[in-house]
Amino acid sequence: MTQPAPKLDGKLLTREQVSSAITTLVGKVSSQARDKVVEDLYDLAGQIDNLYAELGRLQPRNLKEGEIKTAHDELSAVITATSEATFLIISEAEKLEKIGKELPEAQAQAVSSSVTSIYEACGFQDITGQRIKKVVTTLRTIEEKIDALIETLGGVRPGSAEAKDEDTRTGDAALLNGPSLDGQGISQDEIDKLLGF
Amino acid sequence: MSVDKKMPVLVVDDFPTMRKIIRNLLDQLGFNNISEAEDGSDALRKMRDMSSRGLFGLVISDWNMEPMTGLQLLKEVRADNVLKATPFIMITAENKTENVVAAKQAGVNNYIVKPFNAATLKSKIEAVIGPIG
């Protein structure tokens with residue numbers, strides 16, 4: 001879990017202020033404890049250096065402007081393309097349904113049954129569309145995190161990025177989660193039992 | 001006695017494809033007076049416009065829509081002295097227990113989870129308004 005940046009009176013501390021505070025603190029502890037604190041601080045400094053090196057390799061600005069935007073656009077395009085394709089499938093199925101009505105009853109019934117199956121299957125577009133929208137929302141959140149990271153690396157106040165991890169929605173808004181993954185949510189039978197229908 | 005298939009039915013969904021699917025399935029069941037709305041506010045407006053001539057015999061609504069969700073629509077309908085008796089079926093991918101409970105508390109008549117099939121749609125409609133025939 002990310003620790004919040006050190007602050008004094010609501011303002012971010014500079015590197016020098018943090019260093020000064022640590023020096024003062026170390027000066028107040030016993031010699032034995034001081035060695036332990038110094039050792040821990042060296043460890044901490046090493047971890048911070050590693051973190052900066054990792055962040056440098058991430059090149060967050062490029063990631064945001066390149067890959068995430070592309071992924072976002074690609075997923076939006078998937079929604080549009082599947083929507084158009086599904087609409088076309090349904091339109092063609094409607095034509096088949098009309099033709100089917102002119103056939104002898106047994107054949108008409110068979111065509112109608114198949115067309116119904118096509119309509120049912122086309123419901124996938126609604127479900128996949130909602131799932132993709134969830135992914136797009138996640139990508140937007142990642143973009144916001146990267147924005148905050150860029151600001152942090154640039155010495156600008158990072159904002160409340162940590163708070164955005166939590167779902168702060170309440171009331172009816174908290175109920176909007178879209179389709180559940182397999183194993184989550186409840187089935188139609190369970191819903192019927194729950195409602196007593 | 002079978003239901004009157006000329007009764008006005010309102011299909012509410014922000015996905016045009018899903019509206020078309022439900023409309024076509026209703027058409028196969030014999031319903032031929034079907035209207036569509038793109039979200040809860042659009043639906044509410046159409047229901048109120050319609051109320052001077054009569055009520056929709058059935059509303060089949062998605063949940064997850066903007067700006068007004070299906071749940072908000074349901075609450076608005078149940079709070080409206082004129083519209084409150086309108087049969088209302090929620091048809092949604094929201095299948096958590098808390099969703100179903102919230103819909104029930106708001107006065108939903110039945111609840112269909114997506115993806116659904118024609119048989120489920122028919123049986124839930126019949127459970128709400130009677131045998132379709």
Side-chain angles (χ1 to χ4, degrees), chain A residues 79-80 82-91 93-94 96-98 100-101 109 111-131 133-134 171-197, chain B residues 13-29 40 62-66 68-75 89-124 126-128:
Chain A
I79 294 178
T80 304
T82 54
S83 179
E84 288 172 356
T86 309
F87 219 83
L88 182 61
I89 292 167
I90 293 172
S91 297
E94 286 171 347
L96 288 176
E97 193 172 25
K98 281 181 187 167
K101 285 176 182 169
Q109 187 58 43
V111 171
S112 176
S113 176
S114 294
V115 167
T116 300
S117 296
I118 292 172
Y119 292 151
E120 290 170 356
C122 285
F124 86 91
Q125 198 267 328
D126 181 62
I127 301 295
T128 53
Q130 289 190 51
R131 289 197 194 286
K133 274 187 177 175
K134 283 172 81 173
D172 293 348
L175 294 167
L176 286 176
N177 296 300
S180 302
L181 293 171
D182 285 347
Q184 298 177 355
I186 55 177
S187 67
Q188 181 70 54
D189 285 346
E190 290 167 318
I191 288 169
D192 291 346
K193 282 179 193 164
L194 194 62
L195 292 173
F197 294 144
Chain B
D13 203 304
D14 55 344
F15 271 69
T17 308
M18 185 49 69
R19 290 202 302 271
K20 199 168 178 64
I21 290 168
I22 296 172
R23 173 189 272 274
N24 287 351
L25 293 174
L26 288 172
D27 184 62
Q28 287 186 337
L29 292 174
D62 183 28
W63 183 318
N64 197 343
M65 300 176 290
E66 292 178 349
M68 186 188 285
T69 67
L71 184 64
Q72 288 172 312
L73 170 63
L74 174 59
K75 289 177 177 177
I89 295 177
M90 193 75 82
I91 185 163
T92 174
E94 303 287 350
N95 65 339
K96 298 276 173 62
T97 301
E98 56 264 36
N99 289 88
V100 182
V101 169
K104 185 178 185 181
Q105 286 172 344
V108 79
N109 295 103
N110 219 311
Y111 197 105
I112 300 173
V113 65
K114 293 177 182 173
F116 63 97
N117 58 37
T120 300
L121 180 66
K122 181 172 186 264
S123 71
K124 300 306 176 192
E126 288 185 322
V128 172

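All of these numbers come straight from a predicted model, not from anything done at the bench.
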Contact origin within B/I112 toward chain A - heavy atom pairs under 4.5 Å: both
Contact origin within A/K133 toward chain B - heavy atom pairs under 4.5 Å: side chain
For chain B, the option from A/I191, A/L194, A/I186 that forms the most heavy-atom pairs under 4.5 Å: A/I186
Any side-chain heavy-atom pair of B/Q28 and A/V115 under 4.5 Å: yes
Heavy-atom side-chain proximity of A/D192 to B/K124 below 4.5 angstrom: yes
Backbone N/O of A/L176 and side chain of B/E94: donor-acceptor pair under 3.5 Å: no
For the student: nearest non-hydrogen atoms of B/T17 and A/S83, plus distance: OG1-OG, 3.8 Å
Separation between OH of A/Y119 and CE of B/M18, rounded to the nearest 0.5 Å: 13.5 Å
Gap between atom CG of B/D62 and atom CD of A/Q130 - 0.5 Å precision: 6.0 Å
Proximal component of B/T92, with respect to chain A [non-hydrogen, under 4.5 Å]: neither
Structural part of B/A102 lying under 4.5 Å from a heavy atom of chain A: side chain
Part of A/L195 within contact of chain B (heavy atom distance under 4.5 Å): both
Toward chain B, the part of A/E97 with a non-hydrogen atom under 4.5 Å: side chain
Donor-acceptor side-chain pairing of A/D172 and B/Q72 below 3.5 angstrom: no
Minimum side-chain heavy-atom gap B/D13-A/D126 below 4.5 Å: yes
Winner by heavy-atom pair count (cut-off under 4.5 Å) against chain A, out of B/V100, B/I22, B/D27: B/V100
Most contacts with chain A, counted as non-hydrogen pairs under 4.5 angstrom, among B/N110, B/N109, B/V128, B/V108: B/N110
CD/B/E66: more than 12 non-hydrogen atoms of other groups inside 6.0 Å: no
Options A/T86, A/I89, A/T116, A/I118, ranked by heavy-atom pairs under 4.5 Å with chain B, top entry: A/T116
Any donor-acceptor pair under 3.5 Å from A/Q188 side chain to B/Y111 backbone: yes
Shortest non-hydrogen contact between B/N99 and A/L175, atoms and distance: ND2-O, 2.9 Å
Most contacts with chain B, counted as non-hydrogen pairs under 4.5 angstrom, among A/Q125, A/E190, A/E120: A/E120
When B/E98, B/K114, B/K96, B/K20 are compared by non-hydrogen pairs under 4.5 Å with chain A, the top option: B/K20
Per-residue contact mode, A/S112 against chain B (heavy atom under 4.5 angstrom): both
